[in-house]
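In listed order, ligands and their atoms are each counted from 1.
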Amino acid sequence: MGVYIIKGGENLTGEIRVQGSKNSSLPILAATILNGKKNTIIDVPKIKDLEVMTQILSYLGADTKKQGNVVEVDSENVNCTKVPEHLMREMRSSIVLMGAILGRFGKVKVSYPGGCEIGPRPIDLHLKGLALMGVKLSESHGFIYAKTNELKGADIHLDFPSVGATENLMLASVLAKGNTIIRNVAKEPEIVDLQNFLNRMGAHIKGAGTDTIKIEGRRIMDLKPVQDYTIIPDRIVAGTYLVAAAITKGRVALTNVITEHLEPIIAKLREMGCIVNCSNGKIELCVDTPLKSLDSLRTLPYPGFPTDMQAPMMALLSTVEGTSILTETIFENRFKHAQELRRMGANISINGNTAIIKGVKELTGAMVEAKDLRAGAALIMAALAAEGETHVEGVYHVERGYESIQDNLVALGAKIVKKH
Ligand code: UD1
């Protein structure tokens, strides 16, 4: 499975180029199914989740080629509408293929995504929206069968601004007959990226980034190939490296960033006393005074503080004098890293969806295990600051989302090796 062995105590310094966004690349690769043409996408990170997505596209009949961070998908010969169960199980977010396959073929079979380490992740909002568009749904033996003679535009109100449901319904409505309005949608930058990609393909979508998205349905013959579409930078990866700089009291500059997407994270780091300078697509963070605890940090849908940064921030707050209160409002059961951080000497108590973190003078190296992607990132952050050596097991989870994290941290001066 792989273990990172990290010797803490180095102040990280230097510059890193941030990878393209995982959470944009996934729905955008799914979207390539819609036009039946050749699409080229730039800055797709080389990570496990995207390997799985390209494997699924190939299985469905697409011709996929990868060269570095450029992925070409020719979907002309896609003819299969069943997403293989073993690949679907590897990555819950493959559920976005549902909207794209339904959009092109009017039918799809996927396996039901089960619960995962960060709690149950139902897809009721995806299914309710599709039903309003005229899709007949049935479930048996862990599979969902969806079928329609004609996808119809609909007026859909999401009970919660789910990222995945917003993406799935956008994908389904591109080729639907008539107009679709989706209200109370997610406003994450990755939704705007998906809209931009689909519009480059010839879709008519407006409103991404606001509460309401409107889609005018098109015919497949109206859709064009998309050449050289560049994925936005990964704001969570950028946030993680900013935390790495803060926790090691270093000085790290990041290129390939969109500052606006990072505002919710930068605001909290500044509140703690980090010095963050942003200019010309570059962000630099350094620390020259002891950091302060946070009275309140709540995860919220964008533009609130992202749940994906909750675990790395918990690691950072564990090293800061005073008491911090961190509330997770998006996912149940997303505090499993707290128990691992405690092994390193952190003082964290959990009460429901609230973590009370009392900063300690020093974390100490220990044997810990990453149970999910961002928990893994948090443990690496803690290990970078800890006294002694930490073994972080569960490297597989980290590599689902972070491209070359070990090389990047080593380039900044960290002592980290990987053992198989
Ligand atoms: C996406 C991101 C993930 C991020 C999350 C929230 C991808 C690949 N993943 O996940 O990194 O942490 O957004 O920003 O983009 N919910 C329902 N019913 C539904 C759908 C969701 O109850 O039909 C609930 C979920 O259980 C969860 C909350 O809504 O509690 C948010 O989920 P959602 O926004 O859908 O997250 P994902 O799209 O799964």
Side-chain angles (χ1 to χ4, degrees), residues 20-31 44-45 47-50 52-53 56 88 90-100 110 112-132 137 139 144 146 156-172 182 184-194 208 231-232 234-240 261 264-265 298-313 327-335 337 353 372-378 397-398 400-402:
S21 162
K22 165 175 92 70
N23 289 353
S24 272
S25 301
L26 288 165
I28 285 178
L29 282 182
V44 177
I47 51 173
K48 184 74 193 155
D49 274 12
L50 286 154
V52 175
M53 182 54 96
I56 298 177
M88 180 99 193
E90 279 204 44
M91 187 180 61
R92 287 188 42 84
S93 38
S94 46
I95 193 73
V96 288
L97 285 156
M98 221 183 154
V110 294
Y112 208 95
C116 67
E117 288 291 347
I118 62 174
R121 291 171 87 166
I123 53 162
D124 53 315
L125 303 174
H126 304 232
L127 301 184
K128 273 189 203 164
L130 291 173
L132 288 172
L137 295 150
E139 288 176 39
I144 304 172
I156 303 166
H157 182 100
L158 297 179
D159 294 339
F160 179 85
S162 150
V163 173
T166 304
E167 292 166 348
N168 233 341
L169 296 170
M170 281 168 84
L171 289 164
I182 321 171
N184 194 31
V185 290
K187 293 184 281 210
E188 269 68 359
E190 294 77 21
I191 305 284
V192 179
D193 211 19
L194 178 62
I231 298 285
I232 57 169
D234 196 307
R235 64 198 165 96
I236 305 301
V237 168
T240 306
H261 297 170
I265 301 167
R298 286 175 79 79
T299 64
L300 286 169
Y302 189 84
F305 188 86
T307 172
D308 288 348
M309 281 301 297
Q310 181 256 104
M313 280 301 273
T327 309
E328 172 59 58
T329 76
I330 308 292
F331 287 111
E332 288 172 43
N333 206 6
R334 204 176 196 177
F335 279 149
H337 41 279
N353 68 344
D372 69 63
L373 166 60
R374 307 302 170 188
H397 288 293
V398 178
R400 279 187 38 225
Y402 293 85

Which residues pass the side chain to side chain contact (heavy atoms under 4.5 Å, CB included) test with Leu132, sequence neighbours left out?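 Testing Leu132 for side chain to side chain contact (heavy atoms under 4.5 Å, CB included), a comparison that skips the adjacent residues, returns Ala154, Ile156.
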Backbone, side chain, both or neither: what part of [X] comes under 4.0 angstrom of ligand 1, heavy atoms only?
| X | result |
| --- | --- |
| Leu125 | both |
| Asp308 | side chain |
| Leu127 | neither |
| His126 | both |

Which residues share a salt bridge (charged side-chain N to carboxylate O under 4.0 Å, His left out) with Glu190, sequence neighbours left out: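 With sequence neighbours excluded, Glu190 shows a salt bridge (charged side-chain N to carboxylate O under 4.0 Å, His left out) to Arg235, given in chain and number order.
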Do Met91 and Leu26 make a side-chain contact, defined as non-hydrogen atoms from C-beta onward lying under 4.5 Å apart? yes
Please could you name the atoms of ligand 1 that [X] approaches to less than 4.0 Å, counting only its heavy atoms?
| X | result |
| --- | --- |
| Phe160 | 28 (C), 29 (O), 31 (C) |
| Arg334 | 12 (O) |
| Thr307 | 6 (C), 12 (O), 14 (O) |
| Ile123 | 19 (C), 23 (O) |
| Ser93 | 8 (C) |

Is any side-chain N of the basic residue among Asp49 and Arg92 closer than 4.0 Å to the acidic one's carboxylate O?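 Here Asp49 does not pair with Arg92 in a salt bridge, since their nearest N and O are not under 4.0 Å apart.
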If I apply the N/O under 3.5 Å rule, does Gly164 come out as touching ligand 1? yes
Any Pro122 heavy atom less than 4.0 Å from ligand 1: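 The answer is yes, since Pro122 has a heavy atom less than 4.0 Å from ligand 1.
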